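Below, all heavy atoms of this structure are taken into account, side chains as well, without hydrogens, waters or symmetry copies. The sequence lines fix the lettering, A, B, ..., with proteins before strands; numbering per chain opens at 1. No experiment lies behind these values; they were computed from the predicted model shown.
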Protein chains: 2
Amino acid sequence: MKNIVIAGGGVLGSQIGFQSAYRGKNVTFWLRSEESIGRAKPKIEKLYMTYLAELDHAKAQIGKENPDYARALIEDFANISPEEIDKLKEDVKKAYESIKYETDLAKAMEGADFVIEAIAEVADVKHDFFKKIKDLLGDDTILASNSSTMLPSTFKDDAGRPENYLHFHFANHIWRNNLAEIMVTPETSDKVREAVEVYAREITMIPVVIKKERPGYLLNSLLVPLLSAAQELVAGEYASFEDVDMAWKVGAGAPRGPFEILDIIGLMTPYNLAKYKEGADDPSTMAGKIVKMLEEKIEAGKTGVAAGEGFYKYDEKGRKIK
Amino acid sequence: MKNIVIAGGGVLGSQIGFQSAYRGKNVTFWLRSEESIGRAKPKIEKLYMTYLAELDHAKAQIGKENPDYARALIEDFANISPEEIDKLKEDVKKAYESIKYETDLAKAMEGADFVIEAIAEVADVKHDFFKKIKDLLGDDTILASNSSTMLPSTFKDDAGRPENYLHFHFANHIWRNNLAEIMVTPETSDKVREAVEVYAREITMIPVVIKKERPGYLLNSLLVPLLSAAQELVAGEYASFEDVDMAWKVGAGAPRGPFEILDIIGLMTPYNLAKYKEGADDPSTMAGKIVKMLEEKIEAGKTGVAAGEGFYKYDEKGRKIK
């Protein structure tokens, strides 16, 4: 798959598109209007600078025992030379220059091998998009949504090719967090799933496959129970959040404790999950205690790393203040 | 607290005792009989050899960027010299030579500042032990159990000094896994809890406090939900165990995936947890599917790393075979 259309130039759409272009794909962003293009372009410019800075950072890591580098940018770090990293910087430049922006849906879809939808997380907006492109696609065009919260079967029929439809989910900062989660429906063909796995590897992502639909893909299906258990321990006054983090880091050898992770995610996300649980408005239940704990933080403006404070305090670069 | 009595010379008792002696405590093992002493001594000898080998290993790690070493053996690794490590090897030798073994309960308890119970995980056996030592202790003697599965309030009154009683829980291979979980009852005095926190730090453990009783301490309260979620994903046929591990390692930056952790723990433990859940004998429920998945492995002798195979295969040194 060579010709890629990304629908939407938001946080994740821009990253998926830029990473694809960096790995030599022909990338066209379809955006609703010239104003949308005006909002997407600065994101792409910022990614351009970030990728160059990451490659410079990686260059300084050559020869280190446990190098810290953006894994989606360099495939075989152990054997890379500074000159090869300079070549990769050329690839970043080429990617930046090669990206096309299009507001005309028919023009954008012309010759598309793979369309990745990364527009607003609103079901009707997505339905509308897939229905509109139905007659603009080639027979083999593969379609994916990056939706975090919705299931592929919800949209599979909209463009009239359920065998070519699946979900392809990325995490923020994909140049470092290079997991790509593929979720199929019973109708997705094996050939299509395999083609998307190949595509993921081509753009230096690590694909995992969810063979049967379920909310949360794999990573969140694991992370949510861990973070919920951690919140129960603290909201239930069994332990301090510092001790919970310490137990996890020392006991499981994890790089970050649950409350450090919650601060990175931002407290609004767990709050929105918690407040729809049974008993959430009753402070005598565990759900109610968790809501209360998060609400107090949020009302004080302590919503996480981005706000400078969540459970811990952070400096302007997002580093934890000890 | 200087004079420590460890009741029981099993896997964990021997480790807690040896680590305490290594850090300069006067350690006496109370064991039921000469036969028990005969079973405990080879464990202590093995720990002696392990500690020496670990210190040699640590010496070779000096100057490395991300040194791998046994954290309970060296407090300030960043500033240690090879000569200082040699001195620590002397401490290992001194520890080995200083440990006392006693079958007479009254003699063992004489002058004890801290008694750590690490006998069989059977409530009646523990009750019996604490009742027997009731009149053999000084007024200030602190009492702890290393029980994994029982709560401190179960035993707090047996020795007639609930304010001096708490649980002090260690993980296997404490010289590397240096988390010490302290669980109190409402009656445990703050002074006693603080003294045990100090003791934990003195023997180079990292203490965390569970302020209100609950099963599982902190680490297992976090680990069990993560491992359960992982088992659901695979037993429910949502994904392969390899993809679940990959998602966790790439997505959460964790050193090990849930199925690698399950292999290390051994599959009997999650199996025993799963088979008492509601629906465990009905293969149409999630609990039943998890039981079936684990049962098939266990019946084939694939019980984990120690057996050479669990979800993954291992060589004779316990290293994963790729």
Side-chain angles (χ1 to χ4, degrees), chain A residues 61 63-68 71-72 169 171 176-183 205-214 216-230 232-234 236-240 242-258 261, chain B residues 61 63-68 71-72 169 171 176-183 205-214 216-230 232-234 236-240 242-258 261:
Chain A
Q61 299 283 316
K64 293 211 180 183
E65 202 181 323
N66 283 280
D68 163 78
R71 290 175 191 275
H169 182 248
R176 282 194 167 255
N177 303 326
N178 63 334
L179 182 71
E181 305 198 71
I182 296 168
M183 196 189 291
M205 294 284 129
I206 296 173
V208 293
V209 175
I210 298 97
K211 299 180 277 187
K212 237 163 62 177
E213 291 186 284
R214 59 172 284 144
Y217 298 88
L218 295 187
L219 181 56
N220 279 339
S221 296
L222 298 168
L223 196 56
V224 169
L226 173 70
L227 298 180
S228 297
E232 280 184 32
L233 289 169
V234 173
E237 296 179 357
Y238 294 101
S240 68
E242 294 95 337
D243 273 6
V244 170
D245 277 2
M246 187 60 85
W248 190 241
K249 290 195 282 187
V250 176
R256 274 182 291 273
I261 297 173
Chain B
Q61 298 282 317
K64 292 210 179 184
E65 203 181 323
N66 283 279
D68 163 77
R71 291 177 190 274
H169 182 249
R176 282 192 167 256
N177 303 325
N178 62 334
L179 183 70
E181 305 199 70
I182 295 167
M183 196 190 291
M205 295 283 127
I206 296 171
V208 293
V209 176
I210 299 97
K211 298 180 274 185
K212 236 163 62 177
E213 290 186 285
R214 59 171 284 142
Y217 298 88
L218 295 187
L219 181 57
N220 279 339
S221 296
L222 297 167
L223 195 56
V224 169
L226 172 70
L227 298 180
S228 296
E232 280 185 33
L233 289 168
V234 173
E237 296 179 357
Y238 294 102
S240 68
E242 294 94 337
D243 273 7
V244 170
D245 277 1
M246 187 60 86
W248 190 240
K249 289 194 283 186
V250 176
R256 275 181 292 274
I261 297 172

Shortest non-hydrogen pair, Trp248(B) vs Gly257(B), comes out as CD1-CA, 4.3 Å

Heavy-atom distances under 4.5 Å only: say whether Arg256(B) touches chain A with side chain, backbone, both or neither. side chain

Between Leu223(A), Leu218(A), Leu226(A), which has the largest tally of heavy atom pairs under 4.5 Å with chain B? Leu218(A)

Sequence neighbours left out, what passes salt bridge (charged side-chain N to carboxylate O under 4.0 Å, His left out) with Lys211(A)? Give chain and number order. none

Side-chain touch Ser240(A)/Val234(A), heavy atoms, less than 4.5 angstrom: no

Measure Ala230(A) against the heavy atoms of chain B and call it side chain, backbone, both or neither at under 4.5 Å. both

Highest number of heavy-atom pairs under 4.5 Å with chain A: which of Leu233(B), Val224(B), Ile210(B)? Leu233(B)

If you count heavy-atom pairs within less than 4.5 Å of chain A, which of Val250(B), Asn178(B), Leu227(B) leads? Val250(B)

With only heavy atoms counted, which part of Leu222(A) is less than 4.5 Å from chain B, the side chain, the backbone, both or neither? both

With sequence neighbours excluded, residues passing salt bridge (charged side-chain N to carboxylate O under 4.0 Å, His left out) with Arg176(B): Glu54(B), Asp68(B)

If you count heavy-atom pairs under 4.5 Å with chain B, which of Val209(A), Val244(A), Val208(A) comes out on top? Val208(A)

Over all atoms of both residues, closest heavy-atom pair of Pro225(A) and Ala229(B): CG-CB, 3.7 Å

Within the side chain of Glu65(A), is there an N or O that forms a donor-acceptor pair under 3.5 Å with the backbone of Lys64(B)? no

Pair count under 4.5 Å, heavy atoms only, with chain A: among Asn66(B), Ile206(B), Ile261(B), highest is Asn66(B)

Interface residue of largest heavy-atom contact number with chain B, from Glu213(A), Arg214(A), Glu242(A), Glu232(A), under 4.5 Å: Arg214(A)

Any donor-acceptor pair under 3.5 Å from Lys212(B) side chain to Gly236(A) backbone: yes

